[in-house]
Amino acid sequence: MNELAGKRFVLGLSGGIACYKAAELCRALLKEGASVQVVMTEAAEHFITPVTMQALSNRPVYGSQWDAREPNNMPHINLSREADAIVVAPASADFMAKLIHGRADDLLSLMCLARPIDAVPLIVAPAMNREMWANPATQRNVAQLRADDVHVLDVGQGDQACGETGDGRMLEADEILDDLIAFFAPKRLAGQHVLVTAGPTYEAIDPVRGITNLSSGKMGFAIARAAREAGAVVTLVAGPVSQPTPRGVTRINVKSARDMQAAVQRCVDDATVLVATAAVADWRPATQADQKIKKDGSGETPELRFIENPDILAMVAQSPRARAGALYCVGFAAESHDLLAHASAKRARKGVPLLVGNIGPATFGHDDNALLLVDAQGATELPRASKRELAIQLIAEIARRLPAAGTPQ
Ligand code: CTP
C-alpha cells in the first residue's frame with residue numbers, strides 16, 4: 001500500500017547527528033510513493049553529504065539561496081510552491097529558534113518563511129541533546145512554533161550520541177513516517193474517544209498452562225491505529241500478542257477475559273466508541289491450580305471443568321450510555337460459515353448497532369481479510385484487502401454511522 005502516493009515533500013535537514021536518520025526517512029518516503037526534494041543547511045552538510053541525499057532522493061539537493069540552477073534564481077519560491085508539506089528532520093534547536101523569529105538567512109529557513117502558510121504545512125522533527133531540549137528557551141520556542149501552526153513532532157527518549165540519556169533525540173525514520181501518514185489522514189473521528197479490545201485472552205489452568213486461541217490481534221491493532229490517525233483519542237486493551245503499539249495509542253495489556261473486562265470497565269466511561277475485536281475465550285477453567293499440576297504416575301488425567309466468561313461487549317452494549325447513544329458499540333464475529341445469518345443473529349443478541357463479520361480460519365494470523373458489515377440498514381461488504389486498508393475503511397464506515405453530537409440514536 002503506497003500510503004503517501006503522489007505526495008510531494010521538501011525534506012529539510014538542519015545540523016545534527018540525526019541527519020543519518022534523514023537518509024532512511026528519505027528512502028521510506030519514496031517507498032510509500034512520495035517524491036522528495038532535499039534541502040540542506042550548511043551545518044547539515046557537516047553531518048551527511050548532499051551526494052548521499054541526492055542518490056537516495058534521485059534529485060539534485062539544494063543548499064544555497066543563491067543557487068543559479070533555477071531560471072528565476074528563486075529556489076525558495078519555486079520549491080515551496082511545488083510541495084504538499086515541508087518536513088524539517090532533523091530540526092536543530094538553533095533552526096527552531098530561527099523559525100520563531102522569521103529569520104531567513106539560508107535557503108531552508110527562507111523557504112519555511114516564504115511558503116504559502118495555508119497550503120503548505122510545516123512539520124518539524126526536533127533533534128538535540130537532552131539539556132538543550134529541556135532548556136526553557138527551547139521549550140518556549142516549541143510552544144511558539146505550535147502557536148504558529150507548525151506541526152512539531154514528539155522527540156524520542158533514550159541513549160543520545162553525546163553519551164547522555166534522556167528526551168531529545170529525533171524519532172526513528174519509521175516513527176516519523178507513521179506520523180506523516182497520520183498527518184494527512186482525514187480527521188473523521190476528531191473529538192471521539194475510541195476503546196478497542198484486541199487479541200486473544202489466556203485462561204490459566206495452573207501457573208504454567210492455559211487455554212487460548214489463534215487470534216493475532218492484527219485487525220484490532222490496525223483499527224486502533226486508523227482511529228488514532230482519524231483524530232480520536234484511542235485506548236487499546238490487548239490480550240497477549242506481540243504486535244507493536246500504534247503510535248499515540250494508550251495500550252493496556254491484559255491476560256484473561258476477566259482482566260479484559262476490568263480494564264474495559266475502567267476506561268469505558270470516557271469512551272464514545274467501543275470496537276470489540278478481541279477473541280475473548282468463551283469459557284475458563286472453573287478452578288485455577290496455585291501450583292503446577294503434576295503427573296502422579298497413575299496414568300489418570302486431570303478433569304477440566306469450565307465456566308462461562310463474562311460477555312464484555314454485551315455488558316457494555318447494555319449500559320445506560322450505550323443505550324442512550326452516547327457510546328457506539330461495534331462487535332466482531334468470527335464464523336466458519338453462513339456469515340450473514342450468524343452475524344445478523346449475533347448483532348441482535350449482543351444489542352449492538354454494528355456487527356462486523358469475518359470468516360475465522362481465513363483471518364486469524366493473516367495479513368488480509370474480508371469484512372461484512374451488518375447494521376439496521378442491512379449488510380455491506382468490504383472485499384478482501386490488507387487489514388490495514390480494511391481498518392481505514394471500517395473507521396470511515398463507523399464515523400459515517402456515529403450520531404451527530406447531541407442527537408440521541
Ligand atoms: N465478546 C466479548 N466478550 C466475550 C465474548 C465475546 O466482548 N466474553 C465480543 C468479541 O470481542 C466480539 C463478539 O463479542 O466482538 C463476538 O461474539 P461471540 O458471541 O463471542 O462470538 P463467538 O464466540 O464467535 O460466538 P459463537 O460461539 O456464538 O459463534
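Just so it is clear, the model here is predicted, and its values are computed rather than measured. Heavy-atom basis, side chains included; hydrogens, waters and symmetry copies ignored. Here, residue 1 is the first one in the sequence, and each next residue gets the next number. Both counts, for ligands and for their atoms, begin at 1 and track the order of listing.
Atom 15 (O) of ligand 1 has its closest protein heavy atom at Ala276 O, 2.6 Å. Looking at atom 8 (N) of ligand 1, its nearest protein heavy atom turns out to be Pro310 O, 2.7 Å. Of all protein heavy atoms, the one lying nearest to atom 24 (O) of ligand 1 is Lys346 NZ, 2.9 Å. For atom 17 (O) of ligand 1, the closest non-hydrogen atom of the protein is Lys350 NZ, 3.0 Å. Nearest non-hydrogen protein atom to atom 3 (N) of ligand 1 is Ile312 N, 3.0 Å. At the top of the distance list for atom 9 (C) of ligand 1, counting protein heavy atoms only, stands Leu313 CB, 3.8 Å. Ala278 O, 3.2 Å is the protein heavy atom nearest to atom 10 (C) of ligand 1. Atom 13 (C) of ligand 1 has its closest protein heavy atom at Phe332 O, 2.9 Å.
Between Arg169 and Asp159, no side-chain nitrogen of the basic residue sits less than 4.0 Å from a carboxylate oxygen of the acidic one, so the salt-bridge criterion is not met. A salt bridge links Glu164 to Arg130: one of the charged nitrogens lies within less than 4.0 Å of a carboxylate oxygen. Taking the charged nitrogens against the carboxylate oxygens, Lys295 and Glu300 have no contact shorter than 4.0 Å, which rules out a salt bridge. Salt bridge absent: Asp84 and Lys7 never bring a charged side-chain N and a carboxylate O closer than 4.0 Å. Salt bridge status for Lys387 with Asp368: absent, with no side-chain N to carboxylate O gap under 4.0 Å. At a threshold of 4.0 Å, the pair Lys350-Asp311 counts as salt-bridged, since one of the basic side-chain nitrogens sits closer than that to a carboxylate oxygen. In this structure, Arg388 pairs ionically with Glu229, as a charged nitrogen and a carboxylate oxygen lie closer than 4.0 Å.
Within the structure, side-chain hydrogen bond (donor to acceptor under 3.5 Å, both in side chains) pairs that include any residue of residues 21-32 comprise Lys21-Glu172 (at least two apart or interchain).
Neither the backbone nor the side chain of Ala314 comes within 4.0 Å of ligand 1, counting heavy atoms alone.
Arg349 counts as a contact of ligand 1, since one of its heavy atoms falls under 4.0 Å from the ligand. For the ligand labelled ligand 1, residue Ala257 lies outside the 4.0 Å heavy-atom shell. Under the 4.0 angstrom criterion for non-hydrogen atoms, Ala333 is not in contact with ligand 1. A heavy-atom separation below 4.0 Å is not found between Met260 and ligand 1.
Side chains of Thr235 and His193 form a contact here, defined as non-hydrogen atoms less than 4.5 Å apart.
Residue Ala281 has no N or O atom closer than 3.5 Å to an N or O atom of ligand 1.
A donor-acceptor contact shorter than 3.5 Å is absent between the side chain of Thr272 and the backbone of Leu327.
Between the side chains of Ser109 and Asp106, at least one donor N or O lies within less than 3.5 Å of an accepting N or O.
Heavy-atom contacts of Ala334 reach the following atoms of ligand 1: 24 (O) (cutoff under 4.0 Å). Heavy-atom proximity to Asp282, at under 4.0 Å, picks out these atoms of ligand 1: 20 (O), 23 (O), 27 (O). For ligand 1, the atoms closer than 4.0 angstrom to any heavy atom of Gly331 are 15 (O).
Counting only non-hydrogen atoms, the option in Val316, Val196, Val330, Val280 that gets closest to atom 4 (C) of ligand 1 is Val280.
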